[in-house]
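Report on one structure; see the data block that follows.
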Amino acid sequence: MQITIDRQSQTPIYLQIRNQIRAMIFDGRLLPGSVLPPERKLAESLGINRSTVLAAYRELKADGLVDSHVGRGTMVLSVMSEVTESHSEFEAPLYTQFFSRMSERANDPFLRDLLVMANREDVISFSAGISAVETDPVEAFRGIEEEIVRQPYHEALKHTPTEGFWSLREAISDLMQKRGVSCTPDEILVLSGSQQGIDIAARVFLDPGDVVIIEEPSFFSAMQIFNAAGTGIVGVPVDDQGMRVDVLEHLLQRYKPKLIYTMPTYQNPSGISMSLERRRRLLELAYRRKVLIIEDDPYSEIRYEGPRRPTLKELDPYGYVIYLSTFSKILFPGIRIGWMAAARPVVHQFAMIKQLQDLHANSISQWIVERFLRSGSYEPHVKRICEEYRIKRDIMLDALMDGPIAGLEWVKPMGGYYLWCKLPEGIPHMSLLVNAAERGVSFVPGTAFYLNGRGGQYMRLNFTYPSREDIPKGIERLKEAIAVTLNKVTGKSISEIKSIKPIV
């Protein structure tokens, strides 16, 4: 056994010995059962004290590489074989033990399941909030795609600033002017969908234990995000004029929230638009209590009847409103480009968090949207989809009125994507969900939009995604599922259940 001592090294001599013997064991030069030289003999050959060799051997014992026996000396152990043999005792890790508390709070596959259901060919989906395939501006986009490919240096394939590339922010700023909001490009942050804006807002403004005020019912993804952030969520009821600001006033005093989250125009899921009077009162309460407002506005341009109501951002001269919107509901759902309009300090802080998440929104999608906005195709496209979705809404309303279910009620939406229905009294919503799925139709139960499992007496129906032909078929399947579910509960025949007109 050849050991070399470097007396100039910073490494102590006993560790030099230990390291060299260790290397010989691991590379097979010292096999299991080999006997190391006696301490005294090795010390003499190296010209060192015996205590130094003893210290080296103690280190090797502590590593589990050697053992000493009286009369037999110090022997190399079968370390590698023992390690190999012990592998059979190990199991795959229990991954849930490693998950953070935040990830556990976010453990709700509801949205993913909706998207899976929407893509099933055997199901007529009234569940996912997706635009119609036939309204996608494919032809206009095809020309934009060719233009982007011909760019010198392939600019659309490169990184953009975290805030979004400047020309798109200018185009969005122009769009905001048409929505009544005066803001400069540096008050715009391009997002990977407006839902990312909600998530960033939670990270920027909220600490665990803070309180957020939401409408109830409310957008379920926002509820999931705030819950994952470890915040307290307090719901304010919604009536036919929108958020009950009289209730809000008491809750602001009691809970002292950090944020108010609202979707004031064609709210998801109710389709209700907040009255102008309540919009003004909401802003006044926010100013008095020094509470910021997240205004989520994906649907305001999808208007079928009635006057246009100003956004909260448009009515806010002091900068309390952080405005979110998206192109996903107007263009392709997979385009994943949204934006935020807010004061510059807020945009800056949001950008700092966004760069940690995805660096910037998809470059090609940004270029496509910018070209589409600049081409003059945006407004004609919005007009076209509004006409198409109004027709689909009316088809769904007519189908519900044709042989109506007793006790099934709804409100005709003036815009947006959804019909919010109140189910007949006493119907078990989970049984209805199963019976509907068995008949090849899907909807979203109201419990998804309420806190603490409430809202089972409601369901949300999307009328934009299914075809004109599929809407009556799907409604007929849904009515059959409701009748069968009620029949099991009440014992009434299907003809009796369908005998009473609903309140519309």
Side-chain angles (χ1 to χ4, degrees), residues 117-118 122-135 217 240 265-273 299 301-307 329 382-425 427 429 432-433 435-446 457-487 492-504:
M117 182 68 74
D122 60 332
V123 172
I124 297 174
S125 174
F126 297 142
S127 51
I130 301 175
S131 60
V133 175
E134 64 267 24
T135 63
D240 61 353
T265 306
Y266 311 133
Q267 194 237 21
N268 178 9
S270 70
I272 296 294
S273 283
Y299 302 108
E301 290 191 329
I302 307 173
R303 178 165 56 93
Y304 312 128
E305 291 104 14
K329 303 300 182 183
V382 171
K383 182 179 179 181
R384 184 167 69 91
I385 65 170
C386 285
E387 291 173 354
E388 175 64 20
Y389 294 165
R390 179 184 56 78
I391 291 170
K392 288 187 171 185
R393 178 204 60 180
D394 292 346
I395 290 173
M396 179 172 282
L397 291 173
D398 290 343
L400 285 167
M401 287 296 295
D402 183 15
I405 297 291
L408 181 63
E409 303 175 5
W410 58 86
V411 176
K412 180 180 179 180
M414 298 295 103
Y417 269 31
Y418 309 110
L419 200 65
W420 184 236
C421 300
K422 186 175 182 181
L423 294 166
E425 181 124 6
I427 190 168
H429 68 277
L432 174 59
L433 200 62
N435 288 330
E438 289 175 349
R439 287 160 177 78
V441 63
S442 67
F443 64 91
V444 184
Q457 72 273 36
Y458 295 98
M459 67 176 174
R460 191 195 75 178
L461 305 179
N462 166 263
F463 51 80
T464 62
Y465 177 67
S467 67
R468 296 186 188 185
E469 295 73 25
D470 278 346
I471 290 174
K473 297 176 187 176
I475 291 297
E476 193 58 36
R477 295 178 189 181
L478 184 59
K479 287 192 292 188
E480 182 181 340
I482 293 172
V484 168
T485 308
L486 277 174
N487 182 39
K492 293 182 179 179
S493 67
I494 292 179
S495 61
E496 289 178 298
I497 291 168
K498 290 188 174 183
S499 64
I500 303 175
K501 294 280 185 181
I503 298 173
V504 181

- Task: Output, in order, the C-alpha distance, side-chain angles, deciding distance and verdict of side chain to side chain contact (heavy atoms under 4.5 Å, CB included) for Q267 and S270.
- Result: CA-CA 6 Å; Q267 194 237 21; S270 70; 2.6 Å; yes
- Query: Partners of E469 by side-chain contact (heavy atoms from CB on, under 4.5 Å), sequence neighbours excluded?
  - Reply: S467
- A132 to T464 - nearest heavy-atom pair and separation: CB-O, 3.1 Å
- Query: If we only count heavy atoms from C-beta on, is the R477 to F126 side-chain gap below 4.5 Å?
  - Reply: no
- Query: Any donor and acceptor pair, going by atom type alone, linking the side chain of R460 with main-chain N or O of S127 inside 3.5 Å?
  - Reply: yes
- Query: Between M414 and Y304, is a side chain to side chain contact (heavy atoms under 4.5 Å, CB included) present by the stated rule, with each step listed?
  - Reply: CA-CA 5 Å; M414 298 295 103; Y304 312 128; 5.9 Å; no
- side chain to side chain donor-acceptor pair (under 3.5 Å) involving Y389 - partner list, sequence neighbours excluded: T135
- Please report the C-alpha distance between I475 and I124 in whole Å, then the side-chain angles of each, then the deciding distance to 0.1 Å, and finally whether the side chain to side chain contact (heavy atoms under 4.5 Å, CB included) criterion is met. CA-CA 9 Å; I475 291 297; I124 297 174; over 6 Å; no
- Query: For M459 and L478, what are the C-alpha separation, side-chain angles and deciding distance, and is it a side chain to side chain contact (heavy atoms under 4.5 Å, CB included)?
  - Reply: CA-CA 11 Å; M459 67 176 174; L478 184 59; 3.6 Å; yes
- If you round to the nearest 0.5 Å, how far is OG of S125 from CG of D470? 10.5 Å
- Item | Which atom of E301 lies closest to which atom of V382, heavy atoms considered | O-CG1, 3.7 Å
- Message: Using only atom types and a distance under 3.5 Å, with no angle test, would you say the side chain of N462 pairs donor to acceptor with the backbone of Y465?
- Response: yes
- Under the side-chain contact (heavy atoms from CB on, under 4.5 Å) test, residues paired with R303 that sit two or more places apart: Y266, R308
For residues 416-423, run the donor-acceptor check on the side chains, cut-off 3.5 Å, and write out each pair with its distance to 0.1 Å, sequence neighbours left out.
{"residue": "Y417", "atom": "OH", "partner": "K329", "partner atom": "O", "Å": "2.7"}
{"residue": "Y418", "atom": "OH", "partner": "Y299", "partner atom": "OH", "Å": "2.9"}

- Hey, could you give me the CG/CD1 distance between L461 and I471, rounded to the nearest 0.5 Å? 10.0 Å
- Query: By side chain to side chain donor-acceptor pair (under 3.5 Å), which residues pair with T485, not counting sequence neighbours?
  - Reply: N435
- Tightest non-hydrogen contact, residues D240 and I272, listed as O-CG2, 3.8 Å
- Message: As an exercise, state the distance from CD of E425 to CG of L486, rounded to the nearest 0.5 Å.
- Response: 11.0 Å
- Pairing residues for R468 by the side-chain contact (heavy atoms from CB on, under 4.5 Å) criterion, not counting sequence neighbours: E388, I391, K392, I395
- Task: Take K473 and E476 through the test salt bridge (Lys or Arg N to Asp or Glu O under 4.0 Å) and record every step on the way to the result.
- Result: CA-CA 5 Å; K473 297 176 187 176; E476 193 58 36; over 6 Å; no
- Message: Once rounded to the nearest 0.5 Å, what's the spacing between atom CG of D402 and atom CG of L397?
- Response: 12.5 Å
